[in-house]
J.: 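Encoded as structure tokens, here's the structure I'll be asking about.
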Amino acid sequence: MREIRNSVFFFLALALVTGVAYPAAVTVLSQLIFPEQANGSLIYGGAGAPVGSSLIGQPFSNARYFWPRPSATADFPYNALASGGSNLGPTNKELLGQVAARRETLRGYGIQGIVPADLVMASASGLDPHISPEAALLQVPRISGERKLSEKKVRSLVLKHIEDSQLGFLGAPRVNVLKLNLALDSGENRD
Amino acid sequence: MHANIIFDISQILALLIGVTLLVRPLGGYMKRVYQGEGVFLGPVLGPLEGALYRMSGVRKDEEMDWKHYAGAMLTFNLVTMALMFAILMLQGSLPLNPQKFPGFSWDLALNTAVSFTTNTNWQNYSGESAASYFTQVMALMVHQFLSAATGMAIVIAFVRGLARRTAETLGNFWVDMTRGVLYILLPIAFVAALVLVSQGVIQNFSPYKSVPLIQPTSYERPKLDANSNPIKNADGKPVTETVALQEQTLPMGPVASLEAIKELGTNGGGFFNANSAHPYENPTPLSNFLELLLILMIPAALTNTFGRMAGETRQGWAVYTAMLLLFVIAVGALYWAEYSGNPLVQKLGVGGYSMEGKEVRFGLGGSALFSASTTATSCGAVNTMHDSLTPLGGMVPMVLILLGEVVFGGVGSGLYTMLAFVIIAVFAAGLMIGRTPEYLGKKIEVTEMWMSVITVLTAGAVILALVAIALITPAAVRSMANPGPHGLSEVLYAFASQANNNGSAFAGLNGNTLFYNLTGSLAMLLGRFAPAVSVLAMAGSLAGKKYVPPSVGTLPTDQLPFIFWLVAVVLIVGALTFFPALALGPIVEHMIMQGGV
């Protein structure tokens with residue numbers, strides 16, 4: 001009996017410490033020191049309203065925009081309320097069929113040869129904001145054709161948006177698709 | 001995507017060095033915490049600790065024998081499990097629920113309550129679309145502290161059993177649990193949470209935010225009738241309708257505070273469905289590296305705490321070395337399998353390693369390290385979808401779990417399971433070379449062998465029995481997402497993960513069914529508490545023994561031959577138990593993949 005009373009007491013007491021005081025203190029300090037990150041790393045448009053988060057990818061499909069990674073989130077791609085991957089196994093015919101179809105779409109836009117895997121295989125979160133620099137550069141001719149811009153300008157815009165490994169060796173070089181597309185729209189590409 | 005091998009090897013080495021450097025200071029700190037010595041946080045948290053004991057009437061110096069200790073531990077876990085079950089069922093009427101999520105179904109609430117109390121964090125729900133902020137914080141996160149502190153208390157009681165001579169008691173459960181939370185888990189999690197926010201992990205209590213899409217789009221969805229059944233056309237195909245998609249809804253929440261303890265307590269239950277693959281849980285390669293450190297630091301450092309408390313630090317380093325060896329083998333195998341990629345995809349004109357279920361920012365090194373670390377320990381957080389790993393790449397996490405999570409392992413549970421293996425190894429070696437089985441001056445006798453065998457084999461027996469039952473239950477087979485040997489891998493992984501309290505998944509399997517919710521709860525309960533009670537019983541037996549000074553007949557357990565022997569015993573026990581099941585799952589699938597479907 002005594003241990004049942006102790007169990008309830010220690011649960012309630014430690015829940016106050018770890019479930020109330022701790023998250024409250026972390027929230028207050030983060031909001032003071034890192035308000036931008038704590039609130040979702042939002043990107044604000046010209047009118048001051050948020051247009052997206054630099055950490056969450058968006059479902060660009062128009063040929064005028066750089067395409068992000070395929071997304072397997074439920075209902076529709078880049079559904080931020082249903083993060084997750086396809087969970088298709090490596091020998092699953094459905095996976096191989098999807099990859100072949102995406103490869104065909106790229107061929108339709110004149111992309112020949114070997115393509116980088118990130119452009120035809122779905123991410124783990126379904127919200128991956130990045131693609132590899134190779135995957136971005138491969139799309140330069142399409143963008144330049146659709147937007148009537150010189151390839152050189154589009155390419156230099158991509159190169160400007162490559163984020164490097166952290167501390168020199170952590171992680172892979174990458175390009176944030178939403179930021180790159182916002183730059184395209186904003187006219188940063190013009191002279 | 002091509003892997004940068006130099007960077008990836010650097011990252012692996014940096015992690016191994018980082019963890020190893022933490023072993024001694026953190027191990028020493030934890031020893032002082034559990035021996036009730038002064039620590040630098042004493043002046044800050046001491047008054048709070050004292051108040052808790054005064055209000056509850058727990059006396060700091062009141063020691064418990066093993067039965068009392070186990071009884072308090074079990075009572076605490078059952079009571080908190082029941083309270084959490086209630087919170088999950090009543091979620092709809094509790095505060096901090098801006099998205100108005102309803103309560104869980106009873107079987108899902110049971111599975112989730114068992115899961116978080118047993119340090120498993122298997123999740124048959126998806127956080128962003130089912131759990132309110134109140135649930136995330138008060139039910140899930142609080143248990144991430146309590147279950148971790150419980151595991152640590154058990155191993156500390158066991159180490160006292162090894163270290164004490166002709167003693168009857170093992171310490172006080174309430175004191176060990178409280179000190180573990182206040183002096184170890186809370187301060188580290190607090191600092192880590194702030195660093196994670198600096199990288200972009202969110203921390204707020206706002207409602208979800210909607211942003212307009214830069215490029216609005218549309219999607220097809222099945223048309224539903226008034227009873228929300230899909231409408232079918234004359235050919236029996238579902239009718240679809242086109243829906244315009246103008247905006248994206250971004251989930252919010254107090255993620256960083258949960259993220260830190262989720263990794264530190266080797267819990268693994270994420271705020272979001274995608275877990276540590278979600279950019280709001282793990283936004284950068286640096287946050288990924290920090291999370292890796294958090295996962296490994298306490299299980300690794302506990303080996304040193306053990307060595308110090310047993311009075312022979314070399315014994316702690318010997319166990320650490322055995323763990324490290326197994327870890328390096330696992331990371332190497334996983335990295336190699338993924339680096340080699342999927343030939344079926346490469347044939348379609350796709351370059352580099354397979355990116356299905358991986359995120360760009362982590363690179364192959366950050367993904368492979370995470371998959372290995374999360375299953376070597378009992379963490380179970382993922383930044384890569386294990387279901388989509390190559391067959392042999394996916395077998396590595398499965399094997400790490402099946403070995404009983406002794407490669408660092410869960411906080412507390414990893415070390416006590418490994419010490420059970422040490423006792424079996426000492427006994428087996430003693431039989432072979434005709435020496436008396438002794439460990440740390442304690443004779444290994446019938447009780448110790450029984451309890452060690454229960455500790456080591458419970459999970460295996462539970463896994464194989466439940467997989468067999470699942471495979472002859474049609475409803476369970478229908479939950480598989482992938483056909484053929486991969487489907488078997490999904491079911492094997494599910495029960496392995498739950499019985500060993502890991503919590504990661506081959507997530508294609510639909511686990512939120514009555515069958516998996518109930519069988520999973522059973523696996524988690526047996527896998528957690530059968531070893532926990534056996535270990536405490538063994539501790540009680542060991543504590544009462546006399547100290548036998550080492551003689552020429554004693555097998556030295558702190559030298560390389562014994563370390564290799566320990567690694568071999570772990571691998572042999574695992575292989576004998578699971579080889580047939582692995583051969584029918586991942587190994588067959590590897591052959592299919594190499595041969596072409």
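Please read all numbers here as calculations on a predicted model, not as lab measurements. To find a chain, count down the sequence lines: A is the first, B the second, and so on, and within it residues start at 1.
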J.: With chain A as the partner, which of B/Ser56, B/Ala277, B/Gly484, B/Gly71 has the greatest number of non-hydrogen pairs under 4.5 Å?
T.: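 Heavy-atom pairs under 4.5 Å are most numerous for B/Ser56.
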
J.: Where on A/Leu127 is there a heavy atom nearer than 4.5 Å to chain B: the side chain, the backbone, both, or neither?
T.: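 Its backbone and side chain both get close to chain B.
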
J.: Roughly how far apart are B/Leu250 CG and A/Leu81 CG, rounded to 0.5 Å?
T.: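 CG of A/Leu81 is found 8.5 Å from CG of B/Leu250.
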
J.: Do B/Gln248 side-chain atoms and A/Gly57 backbone N/O form a donor-acceptor pair below 3.5 Å?
T.: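 Here the side-chain-to-backbone pair exists.
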
J.: Between the side chains of A/Gln98 and B/Glu356, does any donor sit under 3.5 Å from an acceptor?
T.: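 Note: A/Gln98 and B/Glu356 side chains miss the donor-acceptor criterion.
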
J.: Could you look at A/Pro129 and say if it's the side chain, the backbone, both or neither that has a heavy atom under 4.5 Å from chain B?
T.: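 The side chain, not the backbone.
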
J.: Name the option with the most non-hydrogen atom pairs under 4.5 Å to chain A; the candidates are B/Ser10, B/Gly508, B/Ser198.
T.: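 Of the options given, most contacts go to B/Ser198.
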
J.: Mind checking whether A/Phe169 and B/Phe289 have parallel, tilted or perpendicular rings, split at 30° and 60°?
T.: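 Rings of A/Phe169 and B/Phe289: perpendicular, over 60°.
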
J.: Side chain, backbone, both or neither: which part of B/Val382 has an atom under 4.5 Å from a heavy atom of chain A?
T.: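 For B/Val382, no heavy atom lies under 4.5 Å from chain A.
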
J.: Taking side chain as C-beta onward, heavy atoms only, is B/Leu52 less than 4.5 Å from A/Leu14?
T.: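 B/Leu52 vs A/Leu14: side chains touch.
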
J.: So, B/Asn482 side chain and A/Leu88 main chain: donor-acceptor pair closer than 3.5 Å or not?
T.: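 Not a single qualifying donor-acceptor pair exists.
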
J.: I need the residue from A/Ala80, A/Ser83, A/Gly85 with the largest number of non-hydrogen atom pairs under 4.5 Å to chain B.
T.: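 Of A/Ala80, A/Ser83, A/Gly85, A/Ser83 has the most heavy-atom pairs under 4.5 Å with chain B.
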
J.: Using a 3.5 Å distance criterion without hydrogens, assess whether the side chain of A/Arg69 forms a donor-acceptor pair with backbone atoms of B/Met355.
T.: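 The answer is yes, because a donor-acceptor pair under 3.5 Å joins these two groups.
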
J.: Strictly by modelled atom types, are B/Glu359 and A/His130 linked by a side-chain donor-acceptor pair under 3.5 Å?
T.: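 Their side chains do not contain a donor-acceptor pair, so the 3.5 Å distance test is not met.
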
J.: So for A/Arg2, is it side chain, backbone, both, or neither that comes closer than 4.5 Å to the heavy atoms of chain B?
T.: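 A/Arg2 touches chain B through side-chain heavy atoms alone.
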
J.: Between B/Phe506, B/Phe205, B/Phe190, B/Phe272, which shows the greatest number of heavy-atom pairs under 4.5 Å with chain A?
T.: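 Highest number of pairs under 4.5 Å: B/Phe190.
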
J.: What distance separates B/Met177 CE from A/Ser7 OG, expressed to the nearest 0.5 Å?
T.: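 Nearest 0.5 Å value for the CE-OG distance: 8.0 Å.
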
J.: Looking at every heavy atom in both B/Thr217 and A/Pro59, which two are closest together, and how far apart are they?
T.: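 Shortest heavy-atom contact: CG2-CG, 4.1 Å.
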
J.: Using only heavy-atom distances, determine whether the side chains of A/Ser41 and B/Tyr280 contain a donor-acceptor pair under 3.5 Å.
T.: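 Note: A/Ser41 and B/Tyr280 side chains miss the donor-acceptor criterion.
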
J.: Given 3.5 Å as the limit, does a donor-acceptor pair link the side chain of A/Gln58 with the main chain of B/Ile214, or not?
T.: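 Confirmed, A/Gln58 side chain pairs with B/Ile214 backbone.
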
J.: Please examine the side chains of B/Val181 and A/Val17, heavy atoms only from C-beta on, and report whether any two atoms are closer than 4.5 Å.
T.: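 A/Val17 vs B/Val181: side chains apart.
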
J.: Name, in order of residue number, those residues of residues 22-32 of chain A that have a heavy atom at a distance of less than 4.5 Å from a heavy atom in chain B; otherwise write 'none'.
T.: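 The stretch touches chain B at A/Tyr22, A/Pro23, A/Ala25, A/Val26, A/Thr27, A/Leu29, A/Ser30, A/Gln31.
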
J.: Given a strict heavy-atom distance threshold of 4.5 Å, which part of A/Phe9 is in contact with chain B: side chain, backbone, both, or neither?
T.: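 For A/Phe9, the contact with chain B is made by the side chain alone.
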
J.: Do you know which of B/Gly200, B/Gly366, B/Gly127 has the most heavy-atom pairs under 4.5 Å to chain A?
T.: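 Of B/Gly200, B/Gly366, B/Gly127, B/Gly200 has the most heavy-atom pairs under 4.5 Å with chain A.
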
J.: Answer with side chain, backbone, both or neither: which region of B/Leu83 has an atom nearer than 4.5 Å to a non-hydrogen atom of chain A?
T.: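 The answer is the side chain of B/Leu83.
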
J.: Against chain B, label A/Ser165 side chain, backbone, both or neither, depending on which of its atoms sit under 4.5 Å from a heavy atom there.
T.: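 When you check distances to chain B, only side chain atoms of A/Ser165 fall under 4.5 Å.
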
J.: Taking atom CD of A/Glu36 as the centre, report whether more than 12 heavy atoms of other residues, nucleotides or ligands fall under 6.0 Å from it.
T.: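 Not more than 12 within 6.0 Å, no.
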
J.: To the nearest 0.5 Å, what is the distance between CD (B/Glu281) and CG (A/Leu55)?
T.: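 It is 12.5 Å, given to the nearest 0.5 Å.
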
J.: Non-hydrogen atoms of chain B under 4.5 Å away: do they reach the side chain of A/Leu42, the backbone, both or neither?
T.: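 A/Leu42 touches chain B through side-chain heavy atoms alone.
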
J.: Of all heavy-atom pairs between B/Val350 and A/Ile114, which one has the smallest distance, and what is that distance?
T.: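 Of all heavy-atom pairs spanning B/Val350 and A/Ile114, the closest is C-CG2, 3.8 Å.
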
J.: Could you tell me if A/Ser61 and B/Gln215 have a donor-acceptor pair between their side chains, going purely by distance under 3.5 Å?
T.: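 Checked: B/Gln215/A/Ser61 side chains pair up, N/O donor to acceptor below 3.5 Å.
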
J.: Which of the residues B/Ala505, B/Ala189, B/Pro254, B/Ala481 is involved in the greatest number of heavy-atom pairs with chain A at under 4.5 angstrom?
T.: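 Among the listed options, the one with the most contacts to chain A is B/Ala189.
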
J.: Could you tell me which portion of A/Leu95 (side chain, backbone, both or neither) has an atom closer than 4.5 angstrom to a non-hydrogen atom of chain B?
T.: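 For A/Leu95, side-chain heavy atoms alone lie under 4.5 Å from chain B.
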
J.: Given heavy-atom pairs under 4.5 angstrom as the criterion, report whether the side chain, backbone, both or neither of A/Phe11 touches chain B.
T.: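 Both backbone and side chain of A/Phe11 come within 4.5 Å of chain B.
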
J.: What part of A/Leu178 is in contact with chain B, defined as an atom under 4.5 angstrom from a non-hydrogen atom: side chain, backbone, both or neither?
T.: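 Contact with chain B: side chain only.
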
J.: Under 4.5 Å heavy-atom distance to chain B, tell me which part of A/Ala82 shows up: side chain, backbone, both or neither.
T.: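 The answer is the backbone of A/Ala82.
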
J.: Given 3.5 Å as the limit, does a donor-acceptor pair link the side chain of A/Gln166 with the main chain of B/Leu286, or not?
T.: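 Answer holds: yes.
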
J.: Is the shortest heavy-atom distance from the side chain of A/Asp128 to the side chain of B/Arg361 under 4.5 Å?
T.: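 Yes, close enough: below the 4.5 Å cut-off.
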
J.: Tell me the closest heavy-atom pair linking A/Asn39 and B/Met252, and the distance in Å.
T.: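 Taking A/Asn39 first and B/Met252 second, the nearest heavy atoms are O-CE, 3.8 Å.
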
J.: Can you tell which of B/Asp8, B/Leu185, B/Val79, B/Leu182 has the highest number of heavy-atom pairs within less than 4.5 Å of chain A?
T.: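 Counting heavy-atom pairs under 4.5 Å, the top option is B/Val79.
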
J.: What part of B/Met64 gets within 4.5 angstrom of chain A, counting heavy atoms only: side chain, backbone, both, or neither?
T.: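 Side chain of B/Met64 only, per the 4.5 Å heavy-atom cut-off to chain A.
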
J.: If you look at every heavy atom in B/Pro391 and A/Pro90, which pair is closest and at what distance?
T.: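 The answer is CD-CG, 3.5 Å.
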
J.: If you compare all heavy atoms of A/Gly171 against all heavy atoms of B/Gln11, which two are closest, and at what distance to 0.1 Å?
T.: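 Looking at all heavy atoms of both residues, the shortest contact is N-NE2, 4.2 Å.
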
